[in-house]
There are 2 protein chains.
Amino acid sequence: MLAFEEYLKEKGLKITNQRLLVAQKIFSSHNHFTAEGLLDELKDNKDRISKATIYRILAIMVEAGLLEEHDFGKDYKYYEHIIGHEHHDHIICMQCGRIVEFIDERIEELQNKAASENGFTITGHSLNIFGNCLNFATCEHKNKK
Amino acid sequence: MLAFEEYLKEKGLKITNQRLLVAQKIFSSHNHFTAEGLLDELKDNKDRISKATIYRILAIMVEAGLLEEHDFGKDYKYYEHIIGHEHHDHIICMQCGRIVEFIDERIEELQNKAASENGFTITGHSLNIFGNCLNFATCEHKNKK
DNA sequence: GTTTGTGCAAATCATTTGCACCGCG
DNA sequence: CGCGGTGCAAATGATTTGCACAAAC
């Protein structure tokens, strides 16, 4: 059973077609997506779903710890599911929008060190590297959502 | 003369009271501020300045490379001037909003390494650590802008 | 049957923009 | 003067919300 379904039951929330639809879509792959993009992908589906509902479901999933919200410098948010995915940081191509994940334990450690040296207890962090990937396959289309 | 004034002349832009006022305010200290906050601080000034003008001036300063725009996870932007300030990253207290700057050359290097290993040319990066500072002096007021 | 969820359209909120007037150069 | 700059109010665009209806339990 989907982890999201479990969460809904736990919390006494209802299991609706829309919620299952969104969950299936999101957990079927590991992409970085936007609310708008998700809406588009579900548009042609038999079960219509509204933008408001998308946002409401995404909020629940973030609350549930199943989804992570990212700010990549655009004026809309990106999401990615984190089931079966270790924490990682991102490199974003400013040309084509391609997003590459990476993780460097040494950076993680140095961040922890920086925080504690300054008297902070870490609750989270966000490290985004912006650049150009010059990847033939993807970098031809600019400003993909 | 203010660096901003030089920039304006260079570009053939006009030197107005509003522009000087904003520049003096911003460069008189090194704080992280918001457009709204800046407007408040300049409200009681003899020369009134409108919100639209604030935004327009901030955009010019960012373009001029005198100001940096930050996204700290709120729904409004933070700015800081970078004259005489080396690049640095930020630690933000989620309780009181206090912002501490730090720099770790090892992290910088590891970022460059991660980018090039993934075939990216770096154009910029943003590293924000979120946490709690538990600082008596500041951490009593929550959600400061 | 209740209570919670959904769709729609209207509301929000930071930021941007159109336009008529103002002031720097 | 002439054109860029400013203020105001209206526009924008992502996200949120109120409300009446629909669906889950």
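Every chain is numbered from 1, with letters handed out A, B, ... down the list of sequences.
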Nucleic acid contacts of residues 61-68 of chain A, taken as heavy-atom distances under 4.0 Å to DNA chain C: none

Contacts of Lys14(A) and Lys77(B) projected onto DNA chain C by closest heavy atom; the upstream (5') one is Lys14(A)

Can you tell me which nucleotide in dG5(D), dT3(C), dT15(D) comes closest to the side chain of Thr16(B)? dG5(D)

Taking only residues at least two apart or on different chains, which pairs with a member in residues 92-131 of chain B satisfy ring-ring contact (aromatic ring centres under 6.0 Å, His included)? His87(B)-His125(B)

Using whole Å, what does the distance between atom P of nucleotide dC8(C) and atom CD1 of Ile49(A) come to? 11 Å

Separation of dA23(D) C1' from Asn17(A) CG (nearest whole Å): 9 Å

Nearest whole Å is fine: how far is dT15(D) P from Ile54(A) CD1? 12 Å

Whole-Å gap separating P (dA23(D)) and CG (Leu21(A)): 16 Å

Can you identify which nucleotide, out of dT6(D), dG5(C), dG23(C), has its nearest atom closest to the Leu13(A) side chain? dG5(C)

Any Thr53(B) side-chain N or O less than 4.0 Å from OP1/OP2 of dG5(D): no

Between His81(A) and Met61(A), is there a donor-acceptor pair closer than 3.5 Å when you use the side chain of the first and the backbone of the second? no

Produce the list of close N/O pairs, under 3.5 Å, pairing protein atoms with atoms of nucleotides 16-21 of chain D; give distances to one decimal.
none

Do you see a donor-acceptor pair shorter than 3.5 Å between the side chains of Glu80(A) and His90(A)? yes

Whole angstroms only, please: what is the NZ-C1' distance between Lys43(B) and dG7(D)? 12 Å

Ion pair Glu109(A)/Lys113(A), N-O distance below 4.0 Å: no

Strictly below 4.0 Å: does Gln18(A) bring a side-chain N or O up to OP1 or OP2 of dG7(C)? yes

For dT6(D), does OP1 or OP2 lie under 4.0 Å from any side-chain N or O of Arg48(B)? no

May I ask you to decide if the ring planes of Phe4(B) and Tyr7(B) are parallel, tilted or perpendicular, using 30° and 60° as cut-offs? parallel

Do the non-hydrogen side-chain atoms of Glu105(B) and Glu108(B) ever get within less than 4.5 Å of each other? yes

Taking all non-hydrogen atoms of both residues, which atom of Gln95(B) and which atom of Asn132(B) are closest, and how far apart? CG-ND2, 3.0 Å

Parallel, tilted or perpendicular: ring planes of His32(A) versus His88(A), cut at 30 and 60 degrees: perpendicular

Is Glu36(B) paired with Lys51(B) through a side-chain N to carboxylate O contact shorter than 4.0 Å? yes

Nucleotide dG4(D), atom C1' - distance to NZ of Lys9(B) in whole Å: 17 Å

